[in-house]
Protein chains: 2
Amino acid sequence: MHQRDAVFHLFYRSPPFGGRHVVAAGLETALQWLDGFALDDSDTDYLRTVTGNNGRPLFSDAFLEELRTLRLQIDLDAMPEGSIAFPHEPLLRVRGPLWQCQWIETALLNTINFQSLIATKASRVRDVAGTDHVLEFGLRRAQGIDGAMSASRAAYLGGCDATSNVLAGKTFGIPVRGTHAHSWVMSFDSELESFEAYAAAMPNNCIFLVDTYDTLQGVRHAIQVGKKLRQSGFQMVGIRLDSGDLTGLSIKARRLLDDAGFEDAAIVASNDLDENSMLQMKAAGSPIAVWGIGTKLVTAYDQPALGGVYKLAAIADANGELNPRIKLSETDIKTSVPGSLQVRRYFENGTAIGDIVYSDTIGPPETPLAASPSGIRDPHDLSAADSWEDLLIPILRRGKQVADLPTLVQSRERAAVERLRLNPRLRKLEDAPPYRFGLEMRLGKLRDEMIDAARTSTMSNSKTQETT
Amino acid sequence: MHQRDAVFHLFYRSPPFGGRHVVAAGLETALQWLDGFALDDSDTDYLRTVTGNNGRPLFSDAFLEELRTLRLQIDLDAMPEGSIAFPHEPLLRVRGPLWQCQWIETALLNTINFQSLIATKASRVRDVAGTDHVLEFGLRRAQGIDGAMSASRAAYLGGCDATSNVLAGKTFGIPVRGTHAHSWVMSFDSELESFEAYAAAMPNNCIFLVDTYDTLQGVRHAIQVGKKLRQSGFQMVGIRLDSGDLTGLSIKARRLLDDAGFEDAAIVASNDLDENSMLQMKAAGSPIAVWGIGTKLVTAYDQPALGGVYKLAAIADANGELNPRIKLSETDIKTSVPGSLQVRRYFENGTAIGDIVYSDTIGPPETPLAASPSGIRDPHDLSAADSWEDLLIPILRRGKQVADLPTLVQSRERAAVERLRLNPRLRKLEDAPPYRFGLEMRLGKLRDEMIDAARTSTMSNSKTQETT
């Protein structure tokens, strides 16, 4: 039975951060994991030692041998990284032998959940930043070194311009940017001396961190050194604020810089910032032009996990024919959508107006009308659409890659373009209107029938059980 | 100047989760990173390509060559993993050439911040669990695969009994435990059939996940299969609840199991749990005996970052003599403690009653009295103490390991023992009384003098600046 053909979808139910959507990310990382997938003798030797509560081994030798020689032969269809995914839409569809699909569940969830969460957070920061620069500064608060690498990758994909994580720069080709530490300043006898030494050592990267002792005094010291730099043919790039009332200090610092003829010197700010505090600071007139976003971005501080799940949606019967499967739940929203699914997005004048999820087996929508998936969303009419796109594209067939993957820069561009194809109201940080999402009519009908059948069967089972 | 002898401390200012302390973790992982530290040609080749905003290279060839041949020669003193650390106390003290201390800052923060955060969360869960079993189930929501590995390690160290992360089991020797997935149940034609198949395949690990369709019906199916198992000489280990009203369902499930003669079958629960929901469920009489704690543990959901920092505290002058350094801040609590520090913990009848931080250079406390570090905590008298321990122990000298590291199991035992040496009131999840923490009298005096001197100097500098 474990070899039966099965279909799983990876999707989420509730968008993070009070928004409406998720920016899909992590596919390339997941593919690297899948590509390297193989158990060696040390793995099966270890598994042989694993016992149940009673101290007896859990796994038979035959099973371990099957594991050791396992080579993944799955089909994978996925939304390319940088795509916009709405709730209940498959980001990934996996098809293959049941046990292989189950085997890779956790690795896919680990990779896609985290990177999509961070790319989504970064895209919100990008929306607020407008044309300002956004630097990802999260390495010291990320979850282990690989957690930080994933975070830097996803943050760049979602819209950051650069990272302070130099290994991510080397590995992924992300531009690297940074300033100096407070300890640089403290290791000299005076702040002024420390800025002079920094200017001598790094004349092409002079962003002075001005808040080690007294912030505005620090700005004045930066200006002093900036003037000398200019005389030597270099330019002070800017100053960085890292504590205190960033809005008030940035306004005062801007005035000091402008008065001294440093209109081009940028004000960089950091200190537990995210899109919400940025929005407030911009509303209050802050002239900050470069945002260093660290902890709250790489940990997705206000919602540190995306609840992505991976659910069986169809399995072959003994004759090899694929049958849809449904998981009920006491909350309607957790009841799954059966079948091998695809997502069709409809556009009107270049703007996405709604999505219809359909079953590959039943067929695509005959009309751009969507049924109401019970407990999920209202039915809707997308007949104003002038074009559509299917979002899941073939990535693996029987374990072999069949698509050229985009580069990280291309995925980042996709994230930017797809964001712009949304109705701007949908990009609001809060209280955006719901996006129109529904099931293709026949799929909706099938799902309702399967829910009824499963409930009836459960009830009659219960009854049988209780009377016996 | 970059070769001058310097001292840095890694510490935090504010304890997470409304608690009073942190369980130190991550040291072994950090040491592995330090041990493997070396830049190869590919690193320096990459760094050669890094430019400033103006497109000019940032690093000189001489500097890159110095980097390529750099071998760390630092001294490291640290609290062993599993130690209890209070705010402002160094978890790590690093001493060595200034640039080497600076070079490793971010890697140390990344490793220690995250693992200490998760170990602390796990120790809170452990406190509430009492003698119940706690399984760490977080892999699918952790931050990349390495993030998950660090999380599993730290969660075990902090008090979890096992993990569902099999690679962490293999790598760190953590016991692994798990149940089956919803997709196991869904891939069969009925729940009962799926439990029977599971019992046949895994007779030594029968924990049935009962909530795929109807939870109590699932419990009845588990009982049916449990009876057959018993006839074949095996035991059903338990059932698992993963949705719905866990308290209500667990009470009903317990009754069904007991009535059927399965008093020993455990009820395992999971679904976004943490120490707070566990406390409520226990108060409401839930008979859950095994807790699967995932997302909220491995992401530290309610406070997903520990704000650990790494600050310069002393640097040698041109004659090689170590001089203390201080960083001011607009908020007193962020003003650092100068000097090369050690932490002395005082005990009365085996219970920790307070800590005094002292400077290695000035010397240990002559009396168990502590000064009031301005902006930090009240002065206090620990003369009731009958013993004390210094918490930082030598780990590296000139880059070479000088201490035998404890095993992970030993660190886990330390965490358990140290927790018990705290006043039970300090282990309260919320509103615990402050722990008595202070600076050794002469160190306190030095710090106050340095604050005054730095403020005076800043003010007079400002004045000079403004009048010129």
Side-chain angles (χ1 to χ4, degrees), chain A residues 6 8 43 46 50-54 56 58 98 102 105-106 109-111 113-114 139-151 170 176 181-183 186-187 202 204-205 212-214 217 220 235 237 243-244 295 299 301 304-305 311-312 315 325 327-330 454 458 461-462 465, chain B residues 6 8 43 46 50-54 56 58 98 102 105-106 109-111 113-114 139-151 170 176 181-183 186-187 202 204-205 212-214 217 220 235 237 243-244 295 299 301 304-305 311-312 315 325 327-330 454 458 461-462 465:
Chain A
F8 284 74
D43 297 316
Y46 166 69
V50 174
T51 58
N53 278 11
N54 58 8
R56 294 192 217 166
L58 287 190
L98 175 61
Q102 289 173 323
E105 167 172 352
T106 306
L109 285 170
N110 172 284
T111 310
N113 267 334
F114 180 56
L139 178 51
R140 64 187 49 200
R141 303 281 163 76
Q143 285 73 352
I145 287 173
D146 178 66
M149 294 293 284
S150 302
K170 181 190 175 197
V176 292
H182 288 120
S183 68
M186 293 165 69
S187 54
M202 302 281 275
N204 296 314
N205 195 37
T212 305
Y213 304 113
D214 175 281
Q217 181 63 11
R220 291 187 193 99
Q235 279 298 330
V237 178
S243 60
T295 306
T299 64
Y301 203 91
K311 292 291 170 197
L312 177 71
I315 186 165
R325 279 284 197 276
K327 182 193 176 303
L328 293 192
S329 173
E330 301 190 17
T458 303
N461 275 345
S462 303
Q465 189 61 30
Chain B
F8 284 75
D43 296 317
Y46 166 69
V50 174
T51 58
N53 278 10
N54 58 7
R56 294 192 219 166
L58 287 190
L98 175 61
Q102 289 173 323
E105 167 171 352
T106 306
L109 285 171
N110 172 284
T111 309
N113 268 334
F114 179 56
L139 178 51
R140 63 187 50 201
R141 304 281 162 75
Q143 285 75 350
I145 287 173
D146 177 65
M149 293 293 284
S150 302
K170 181 189 175 198
V176 291
H182 288 119
S183 69
M186 292 164 70
S187 54
M202 302 281 274
N204 296 314
N205 195 37
T212 306
Y213 304 112
D214 175 281
Q217 182 63 13
R220 292 187 193 99
Q235 279 299 329
V237 178
S243 59
T295 305
T299 65
Y301 203 91
K311 293 290 171 198
L312 177 71
I315 186 165
R325 279 286 197 273
K327 182 194 176 304
L328 293 192
S329 172
E330 302 192 16
T458 303
N461 275 345
S462 304
Q465 188 63 31

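Below, read A as the first sequence line, B as the second, and so on, with proteins coming before strands; counting in each chain starts at 1.
With a threshold of 4.5 angstrom between heavy atoms, B:Ala6 does not approach chain A through any atom at all. Residue A:Met186 touches chain B through both its backbone and its side chain, counting heavy-atom pairs closer than 4.5 Å. Within the 4.5 angstrom heavy-atom criterion, atoms from both the backbone and the side chain of A:Lys170 approach chain B. Heavy atoms of A:Ser187 lying under 4.5 Å from chain B belong to its backbone as well as its side chain. Within the 4.5 angstrom heavy-atom criterion, only side-chain atoms of B:Leu98, from C-beta onward, approach chain A. Contacts of A:Ser183 with chain B are made by both backbone and side-chain atoms, with heavy-atom separations under 4.5 Å. Contact annotation for B:Glu105: only side-chain heavy atoms (C-beta onward) come within less than 4.5 Å of a heavy atom of chain A. Both the backbone and the side chain of B:Lys327 come within contact range of chain A, judged by heavy atoms closer than 4.5 Å. Using a 4.5 Å cut-off between heavy atoms, A:Ile315 contacts chain B through its side chain alone, with no backbone atom that close.
Taking CG of B:Leu58 as the reference point, atom CG of A:Asn205 lies at 5.0 Å (rounded to 0.5 Å).
Taking A:Val50, A:Val176, A:Asp43 one by one and counting their heavy-atom pairs under 4.5 Å with chain B, the maximum is reached by A:Asp43. By number of non-hydrogen pairs under 4.5 angstrom with chain A, the leading residue of B:Thr295, B:Leu312, B:Asp146, B:Asn204 is B:Asn204. Residue with the most contacts toward chain A among B:Thr212, B:Thr111, B:Val237: B:Thr212 (heavy-atom pairs, distance under 4.5 Å). Most heavy-atom pairs under 4.5 Å with chain B, from the set A:Gly147, A:Pro304, A:Ala181, A:Ser150: that is A:Pro304.
Side-chain contact between A:Ile145 and B:Asn110 is present, with heavy atoms from C-beta onward closer than 4.5 Å.
A donor-acceptor distance shorter than 3.5 angstrom exists from the side chain of A:Asn113 to the backbone of B:Arg140, with no hydrogens or angles considered.
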